Number of protein chains: 2
Amino acid sequence: MNQALPSLTLPGATLEHLRARCATCSMHQLCLPMGLDTADMDRLDQIIGRRRKIVRGGTLFRIGDPFGSLYAIRLGHFKTYQLNPDGAEQITGFQMAGELLGMDAISADRHHCNAIALEDSEVCEIPFASLQQLLVDMPTLLRHFHRMMSQEITREQGVMLLLGNMQATQRFAAFIVNLSSRYEARGYSPYVFQLRMSREEIGNYLGLTIESISRLLSKFKKEGLLRVSNREIELLNPAMLKAITAGTQSCD
Amino acid sequence: MNQALPSLTLPGATLEHLRARCATCSMHQLCLPMGLDTADMDRLDQIIGRRRKIVRGGTLFRIGDPFGSLYAIRLGHFKTYQLNPDGAEQITGFQMAGELLGMDAISADRHHCNAIALEDSEVCEIPFASLQQLLVDMPTLLRHFHRMMSQEITREQGVMLLLGNMQATQRFAAFIVNLSSRYEARGYSPYVFQLRMSREEIGNYLGLTIESISRLLSKFKKEGLLRVSNREIELLNPAMLKAITAGTQSCD
DNA sequence: CGTGAATTTGACTGACATCAACTCAGGTGG
DNA sequence: CCACCTGAGTTGATGTCAGTCAAATTCACG
């Protein structure tokens, strides 16, 4: 039930699958529709455009940029954010290797959010025109693409639930648990990982202030739920964190 | 700039287009991809499944229901909501005639939210398997379908901005302005309309309590921004409401 | 090291929630 | 026709969670 912030990880996509094509640009979810044969995979690889490196703090795309491509993250982390008319940011998501960026731009041929690299990162450009061509020929890929867009809708609904319904403690626990499960799905430790984003970015995303995030980290540390060392955190009591996320445990 | 809660209205879709096919089941956006010829339109009409009437308070689909069809609203209004593990609802959207329901279910072949009619309503069932078939043959429709899914992603990002960043007054103004523009796009008065949802549902959607909504209505009434009579409201100063939505006006 | 940025911690404040009492609209039955 | 009932909505008093402000501390990096 901790679907609050589902990742884009595919049901059924195993690490073996991921790693099998890891050497090529296919190390992203778009290339992992189950049931694609090797020939299809190769066709898919062929339309992948150039790779692009983005330095920490660099921009992948900006609000208003004309939409030409989707981007599959090969390496690194990104944040996407909206701008209030008054200029305030609202971070709408943190994306990691294997996830797809830019799907919100299809509707109006312009990007609707800014995408910034949280660390030195690398993406594959997937020209949308070529992709559409391919979708027509490959029903399996088409279905898969629809699943990915749908999953993004579901993810955002989870964030709405979080922002509309949860208390600060619950939001923060949900955030940690979500990151944990996404790292686990990628073959990294679900218990020890680096926060790639600042306290401020976490707070912005969760609708809280930087001070609140700091206090929550201290609180979880004091209660033995987390070990915190700068941006590295360790989940000492994942079960309790999940219970807090689910709202079944009030955490004092 | 009041894109806070964009509707699914198509850029370029005119009322003439809407009304031209209004007699058939095509009175929904899926059938309005610009550039479809009549033969294509007819093919599209043919795959539309049965119409379904849903009484006020009735259920269109529930979390966990197997996914078979998308639903185009012909008549009436719906709400969709998520459930917290602890049982609390979070309304994720209000949908009106011409909008499409169920896109979040594509990812996992199960619905991820509940959809309830706010009044006696009518939908067209669009079997997803048939639609997929058609998408392969009709690239224009395919592109259009992608735009619609993308627009839903964008809409939800707008709600995240609202829930994460805005004050109560600004949220509520954004809500009113959004409804207004959606009614306008449908050919109804953007100034006078009925709220189809209760104060409680508005509050739930905006992350506020029923009392706060009541107070905001009173406040806007006192300031001459709205006329309120039960569930009917009139926008007396749309410009100011938009300014409040944009955060450029603090509204005292 | 030294400097500025990021983070932490504490004291205070405020916006919205909660609790409670009241009003009103609409429906029902005598 | 009206008295009553019920649920939705309004209004006021009070409480609280998280925001704001300010100062101390730690970290990152030249």
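What you see is a predicted model; the values in this text were computed from it and never measured. Residue numbers start from 1 in every chain, and the chains themselves are labelled A, B, ... in the order their sequence lines are given, proteins ahead of strands. In what follows, every heavy atom counts, from backbone to side chain, and hydrogens, waters and symmetry copies are set aside.
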At under 4.0 Å between heavy atoms, what does [X] touch on the DNA or RNA strands: base, sugar-phosphate, or nothing?
| X | answer |
| --- | --- |
| E211(B) | base |
| T209(B) | base |
| S214(B) | base |
| I213(A) | nothing |
| G207(A) | sugar-phosphate |

Quiz item: Looking at dG9(D), does its base get a donor-acceptor pair with the side chain of R215(B) below 3.5 Å?
Solution: no
Quiz item: Is there a donor and acceptor pair closer than 3.5 Å between the side chain of R231(B) and the base of dG9(D)?
Solution: no
What is the separation between atom [atom1] on [X] and atom [atom2] on [N], rounded to the nearest whole Å?
| X | N | atom1 | atom2 | answer |
| --- | --- | --- | --- | --- |
| E200(B) | dA17(C) | CD | P | 13 Å |
| F172(B) | dG9(D) | CZ | C1' | 13 Å |
| L195(A) | dT8(C) | CG | P | 10 Å |
| N165(B) | dA18(D) | CG | P | 17 Å |
| K222(A) | dG10(C) | NZ | C1' | 12 Å |

Self-check item: Nearest atoms (heavy-atom pairs only) where V192(B) meets S189(B)
Solution: N-OG, 3.1 Å
Quiz item: Between S218(B) and dT11(D), does any side-chain N or O lie under 4.0 Å from OP1 or OP2?
Solution: yes
Quiz item: Taking only N and O in the side chain of R199(B), is any of them less than 4.0 Å away from OP1 or OP2 of dT10(D)?
Solution: yes
Quiz item: Do F193(B) and Y188(B) make the cut of ring centroids closer than 6.0 angstrom?
Solution: no
Quiz item: For the ring pair F78(B) and Y71(B), is the centre-to-centre distance below 6.0 Å?
Solution: no
Quiz item: So what is the end-to-end bend of the helix from dC1(C)-dG30(D) to dG30(C)-dC1(D), with 5 pairs used at each end and the value given to 10 degrees?
Solution: 40°
Quiz item: Mind checking whether T80(A) and Q157(B) have side chains closer than 4.5 Å, heavy atoms only?
Solution: no
